[in-house]
There are 2 protein chains.
Amino acid sequence: MRLSVEQRRTALAHAALTVIARDGLAAATTRAIVAEAGMALASFHYAYESRVELLRDVIRLVLEGERDAVGALLDLPEADFATLIRGGLGAYVGNLREAPGREQGMLELTFHSLREPALEGMALEQYAHYRALVTGLLLAAAERCGMRWLQPVEQLARFVVTCTDGLTVAWLVDHDDAAIEPQLDLIAAALLTQAQPTGEHP
Amino acid sequence: MRLSVEQRRTALAHAALTVIARDGLAAATTRAIVAEAGMALASFHYAYESRVELLRDVIRLVLEGERDAVGALLDLPEADFATLIRGGLGAYVGNLREAPGREQGMLELTFHSLREPALEGMALEQYAHYRALVTGLLLAAAERCGMRWLQPVEQLARFVVTCTDGLTVAWLVDHDDAAIEPQLDLIAAALLTQAQPTGEHP
DNA sequence: GTCTATAATGAGATAGAC
DNA sequence: GTCTATCTCATTATAGAC
């Protein structure tokens, strides 16, 4: 069948993400990727200039997917503020447990971006995106519950991303579910100290 | 000059660590490592069975170095508890700023260990070591100030390692020194809520 | 547009002279 | 023990037939 360059690029980026999540970035050679996509090796270079050009698209692909996933979350359930915050953190861990290879793959891509000149700026873009998403969630949660944040939300979002990154590494290393819980409690408590009722919803 | 196998292994592990910190794990080929060590390629395989066998030694080398470095820290200065905790976190960030490539390299090694069957268990060993070191520091700080921890110190140590990992990723991505500070404050505050005076030092 | 075949390079590992 | 030279394999990328 005949595919447009755009279709081929999309298919390859998806295949690459699959391979990266399953086998790691180092194993995501062009050969492994085209095998996953069911294409001939030459088709890769017809669609992409080089492997790093594909990796840029992989990162952007994931960021788009996350925006959609978080967008669906913005319709927050009825719950008290503490439950909402703690539940949000728990939801991230749930996602991590469901797709650990994917989270590890994204961190591998981040580190690779930091070493590879051709990917300069991609890690920054990635993390600016993460923080923007969390900022949106923190604002939505506060509004939902008539609370306001006591320091710039961007700072708190950065703290949340820091914590989720750390939790990701820890869980990937030992898969210790029980050990995650008290950490989530500590993080949630730290966030709660940075919020107070607006007074508009008495 | 003639070197014993042991001397050669040590020299190669040190050279490997240098290359990994400077250029990344992916660039730490056997060729790059022997070049750094000023050896011939064949000498590598005289000392080591394979590349992964060397990587095991690299991880162990770093862990030993950290034990020594932390050992020197255990003689804690006279200071109030909050200052000590906050200062300890700040010290880690200082180390990160001084040797960012090294910290990135260690995370790359961790992820590589998780993907490479021949390195199975190394990541666990690495993180058990990190947590043990932090546990020692937390206990020493509490004792120094007549405080006791309100939950198992191992849990708190795990939380600290989680946070430092997250901070490492964040700082490696954007090198934003200013943005680190409020996060350290949040983390330190979270820890302080988990300690109280023993009453033995009133 | 798609494929097979192949170039060009760099990797880990080894043989064998000294 | 140490070296040069080489093997073998996997990689990215390209040429050129269809």
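First the proteins, then the strands, lettered A, B, ... as listed; each starts at 1.
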**Q** Can you check whether B:Arg2 has a side-chain N or O nearer than 4.0 Å to OP1 or OP2 of D:dG1?
**A** no
**Q** What residues form a ring pair (Phe, Tyr, Trp, His ring centres under 6.0 Å) with A:Tyr92, not counting sequence neighbours?
**A** none
**Q** List the atom pairs, with distances to 0.1 Å, where a side-chain N or O of residues 151-159 of chain B and a protein N or O form a donor-acceptor pair under 3.5 Å, not counting sequence neighbours.
**A**
unit_1: B:Gln151; atom_1: NE2; unit_2: B:Gln194; atom_2: OE1; d: 2.9
unit_1: B:Arg158; atom_1: NH1; unit_2: A:Asp174; atom_2: OD2; d: 3.0
unit_1: B:Arg158; atom_1: NH2; unit_2: A:Asp174; atom_2: OD2; d: 2.8

**Q** Going by the ring pair (Phe, Tyr, Trp, His ring centres under 6.0 Å) test, which pairs reach into residues 2-27 of chain A, not counting sequence neighbours?
**A** none
**Q** OP1 or OP2 of D:dG1 sitting under 4.0 Å from any side-chain N/O of B:Ser43?
**A** no
**Q** For D:dA13, does either OP1 or OP2 sit under 4.0 Å from a side-chain N or O belonging to A:Thr30?
**A** no
**Q** Of the residues in residues 4-23 of chain B, which ones touch DNA chain D at a heavy-atom distance under 4.0 Å?
**A** B:Arg8
**Q** Filter on salt bridge (charged side-chain N to carboxylate O under 4.0 Å, His left out), then keep only pairs touching residues 32-42 of chain B, sequence neighbours left out; what's left?
**A** B:Arg22-B:Glu36
**Q** Please tabulate, one pair per line, each protein N/O and nucleotide N/O from nucleotides 15-18 of chain D that are separated by under 3.5 Å, including the distance.
**A**
none

**Q** Which value, rounded to the nearest 0.5 Å, describes the distance between A:Leu172 atom CG and A:Arg97 atom CZ?
**A** 12.5 Å
**Q** Please output the side-chain donor-acceptor pairs of residues 117-138 of chain A that fall under 3.5 Å, not counting sequence neighbours, one pair per line with the distance.
**A**
unit_1: A:Glu125; atom_1: OE1; unit_2: A:Arg60; atom_2: NH2; d: 3.1
unit_1: A:Glu125; atom_1: OE2; unit_2: A:Arg60; atom_2: NE; d: 2.7
unit_1: A:Glu125; atom_1: OE2; unit_2: A:Arg60; atom_2: NH2; d: 3.3
unit_1: A:Gln126; atom_1: OE1; unit_2: A:Thr110; atom_2: OG1; d: 2.9
unit_1: A:Gln126; atom_1: NE2; unit_2: A:Thr110; atom_2: OG1; d: 2.9
unit_1: A:Gln126; atom_1: NE2; unit_2: A:Tyr130; atom_2: OH; d: 2.9
unit_1: A:Tyr127; atom_1: OH; unit_2: A:Asp165; atom_2: OD1; d: 3.3
unit_1: A:Tyr127; atom_1: OH; unit_2: A:Asp165; atom_2: OD2; d: 3.0
unit_1: A:His129; atom_1: NE2; unit_2: A:Leu63; atom_2: O; d: 3.0
unit_1: A:Thr135; atom_1: OG1; unit_2: A:Arg131; atom_2: O; d: 2.7

**Q** Figure out the OH/C1' separation between B:Tyr46 and D:dC3, and round it to whole Å.
**A** 13 Å
**Q** Write out all pairs satisfying ring pair (Phe, Tyr, Trp, His ring centres under 6.0 Å) with one or both partners inside residues 57-76 of chain B, taking only residues at least two apart or from two chains.
**A** none
**Q** According to side-chain contact (heavy atoms from CB on, under 4.5 Å), who are the partners of B:Ala82, at least two apart in sequence or on a separate chain?
**A** B:Asp80, B:Leu192
**Q** The criterion is ring pair (Phe, Tyr, Trp, His ring centres under 6.0 Å); which residues satisfy it with B:His175, sequence neighbours excluded?
**A** B:Trp171
**Q** For DNA chain D, what residues of residues 107-119 of chain A have any heavy atom nearer than 4.0 Å?
**A** none
**Q** Heavy atoms under 4.0 Å, any strand shown: does B:Leu3 hit a base, just sugar-phosphate, or nothing?
**A** sugar-phosphate
**Q** Which residues pass the side chain to side chain donor-acceptor pair (under 3.5 Å) test with A:Glu108, not counting sequence neighbours?
**A** A:Gln104, B:Arg115
